[in-house]
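Everything below concerns the one structure shown next.
Per chain, numbering begins at 1; letters A, B, ... match sequence-line order.
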Amino acid sequence: MSDPVILLDQVNKWFGAFHVLKDVSMTVGKGEKVVVCGPSGSGKSTVIRCINRLEEHQKGRILVGGVELTSDIKMIERIRKDVGMVFQSFNLFPHLTVLENLTLAPNWVKGTPVKEATETAMAYLERVRIPEQANKYPGQLSGGQQQRVAIARALCMKPKVMLFDEPTSALDPEMIKEVLDVMITLAEEGMTMVCVTHEMGFARTVADKMVFMAEGRIVESSPPVEFFSNPKTERAQQFLGQILGH
Amino acid sequence: MTSNTNLDPKTASEIASHVEEPSQTELRAPRRSALNVLGWARENLFSSAPNTLLTVLAVSLLVWAVPPLLGWVLLKATFLGADPQACREAGGACWSFIEVKHRFILFGLYPHDEHWRPLLAMGLFLSAIAASCDPRFWNLRILAVWGAALPFCGLLMWGGLLGLTFVGNDKWGGLPLTLILATLGIVLAFPLSVLLALGRRSDMPAIRAICVGYIETVRGVPLVSVLFMASIMFPLFLPEGMTIDKLLRAQLGIMLFTAAYLAEAVRGGLQALPKGQYEAADALGLSYWQKMGLIILPQALRLVIPPIVNQFISCFKDTSLVIIIGLYDLLTTAKTALSDPLWRPFYIESYVFAAFIYFLFCFFMSRYSQYLEKRLNAGLKR
Ligand SMILES: Nc1ncnc2c1ncn2[C@@H]1O[C@H](COP(=O)(O)OP(=O)(O)O)[C@@H](O)[C@H]1O
Ligand SMILES: [Mg+2]
């Protein structure tokens with residue numbers, strides 16, 4: 001097996017005195033799709049935010065593409081180029097048009113000429129099915145459209161791995177599907193993905209591995225078939241019971 | 001809709017039908033018949049007892065103040081050519097004082113025959129300011145504009161080259177001096193204030209401490225004492241034999257003072273932005289300066305245009321404090337013009353003239369900030 005794209009080794013993190021992550025270890029191989037779930041406050045966001053250093057971990061090792069995350073800012077910026085992130089609240093840049101949102105980072109971070117960056121951006125807007133919105137401002141789009149733009153923005157950097165932090169939780173029900181469809185297409189094309197989500201239908205369809213967290217620990221990590229039909233721990237059984245409405 | 005004007009039913013129903021997508025231009029202006037005016041007055045001026053009381057008070061204040069003012073400014077005033085004696089007899093404003101003294105008030109001690117030079121320099125300076133106000137110039141072109149304008153202004157003001165006689169800057173005064181002090185003060189203070197605001201929010205404790213220390217210290221003292229220190233203390237710290245020009249010292253003092261206040265306004269904008277904007281920029285791999293320059297500052301500064309312009313206006317007027325270190329700014333020349341024993345009684349005219357010039361500039365800044373806010377927010381619906 002080739003090197004994992006992401007490797008977390010005994011990662012610990014504290015917010016002040018509060019121990020958020022406790023010995024979290026996990027690997028994500030190339031092309032692998034990992035879905036992270038667990039009750040609110042269990043540290044799911046914190047884990048994936050550590051992967052691109054939006055949060056700093058205090059103990060253990062995190063390697064992305066074989067490079068270890070330290071406080072070296074050059075390394076951090078290098079890793080961030082390869083790691084795309086999609087937020088719950090979209091976080092598009094409201095003062096820039098959709099197209100500018102997409103071309104800004106390729107242009108400034110990777111030095112891609114504007115013309116080429118624009119072509120790439122338009123191609124990704126086609127892929128997320130909103131090329132006609134290219135010259136609008138984010139505030140003029142619906143939530144579902146904004147989240148698809150946010151996905152396209154991350155993809156424009158040609159990342160090796162995509163992180164999703166509850167990408168559909170801020171959306172109205174009728175818009176969830178359009179975003180999940182884009183994510184499913186992305187998965188089918190072989191993108192490496194780590195998704196925090198409560199969309200269990202999506203998880204069943206795309207996940208290679210389910211990771212269940214509770215109170216800052218990874219409690220279960222197993223293939224979806226196993227996880228859904230036969231959860232090993234009581235916590236996971238309880239959680240699934242609640243979320244699937246049994 | 002901003003006004004609660006008494007609209008006729010048709011217009012009102014038109015509005016109702018437009019509630020979905022209110023478009024100001026599509027609304028027909030309400031028809032105003034005599035009846036409508038009465039109705040409007042009843043609704044807006046006499047709708048309640050306190051409202052009626054306020055209306056009566058306001059009207060009596062106008063009746064009390066306007067006629068005498070009008071009499072002084074226009075009816076009983078003397079205009080061109082009147083001598084002090086004629087002025088005193090007329091009893092109104094003596095505008096011939098301005099006629100006689102305007103060149104001194106505008107240009108101070110600058111040699112009389114060379115007044116065209118500061119005039120031209122001011123024209124250039126104001127053109128450069130006008131260009132800076134146009135968003136189409138908000139790129140490297142603006143540097144070219146100032147790069148060309150400033151040396152030219154300097155040449156005109158100082159001279160000493162190309163057959164222009166040399167005029168030392170101890171002779172500069174009046175409006176050009178005020179404009180130079182205010183504009184350069186603002187233009188130089190602005191970038192400094194952005195750096196101070198960023199520094200105050202920096203992760204690096206040393207930088208943060210320096211910025212906080214600077215801002216709090218400067219904000220804790222009045223400008224008068226900053227100028228005093230600039231003129232008296234600065235030289236004490238300089239090596240023997242080295243001097244800094246008095247004008248330059250005042251300029252530095254004003255700039256350093258304004259920067260501290262501006263920094264707090266800018267910081268307000270930085271804090272108002274959602275954390276997600278910082279995180280999105282980080283996640284894309286933008287460097288600190290790219291993040292700030294491309295994502296954060298363009299949004300943050302837009303949010304704080306009103307307090308920033310407020311500070312600009314305040315800086316413009318505060319330049320008048322340079323009187324305490326003996327510079328002849330506009331207000332000082334207005335005052336000095338009165339030392340002529342012949343014209344001494346007409347101090348009101350002198351100050352009104354200076355105030356009018358201050359007002360023109362400050363009013364322009366205020367209107368410009370409104371224009372800017374509208375323009376920058378067009379298309380940016382949050
Ligand atoms: N910046 C922070 N400072 C202090 N505590 C935090 C911070 N961010 C998150 N937490 C706490 O850490 C825990 C885990 O948060 P998070 O990773 O967001 O959980 P999840 O995404 O699983 O809901 C929560 O209890 C939360 O209150
Ligand atoms: Mg979360």
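- Nearest heavy-atom pair across B/L294 and A/H95 is O-NE2, 2.9 Å.
- Residue B/E279 touches chain A through both its backbone and its side chain, counting heavy-atom pairs closer than 4.5 Å.
- More than 12 non-hydrogen atoms from other residues, nucleotides or ligands lie less than 6.0 angstrom from CH2 of B/W146.
- By the 6.0 Å contact criterion, OH on B/Y214 is enclosed, its count of non-hydrogen atoms from other residues, nucleotides or ligands being greater than 12.
- In this structure, the portion of B/Y288 lying under 4.5 Å from any heavy atom of chain A is its backbone and not its side chain.
- With contacts defined as side-chain heavy-atom distances shorter than 4.5 Å, the pair B/D282/A/L54 qualifies.
- One finds the CZ atom of A/F87 at 10.0 Å from the CD atom of B/Q277 (value rounded to the nearest 0.5 Å).
- Contact annotation for A/F93: both backbone and side-chain heavy atoms come within less than 4.5 Å of a heavy atom of chain B.
- Options A/V86, A/D82, A/L92 differ in how many heavy-atom pairs under 4.5 Å they form with chain B, and the most are formed by A/L92.
- For A/L163, no part lies near chain B; criterion is any non-hydrogen pair under 4.5 Å.
- Atom CD1 of B/I295 sits about 7.5 Å away from atom CG of A/N101, to the nearest 0.5 Å.
- The closest donor-acceptor contact from the side chain of A/N91 to the backbone of B/G276 lies under 3.5 Å.
- Of the two parts of A/R153, the backbone and the side chain both hold a non-hydrogen atom closer than 4.5 Å to a non-hydrogen atom of chain B.
- Closest approach of A/E77 and B/S287 over heavy atoms only: OE2-CA, 3.4 Å.
- Of all heavy-atom pairs spanning B/A283 and A/M85, the tightest one is CB-CB, 4.0 Å.
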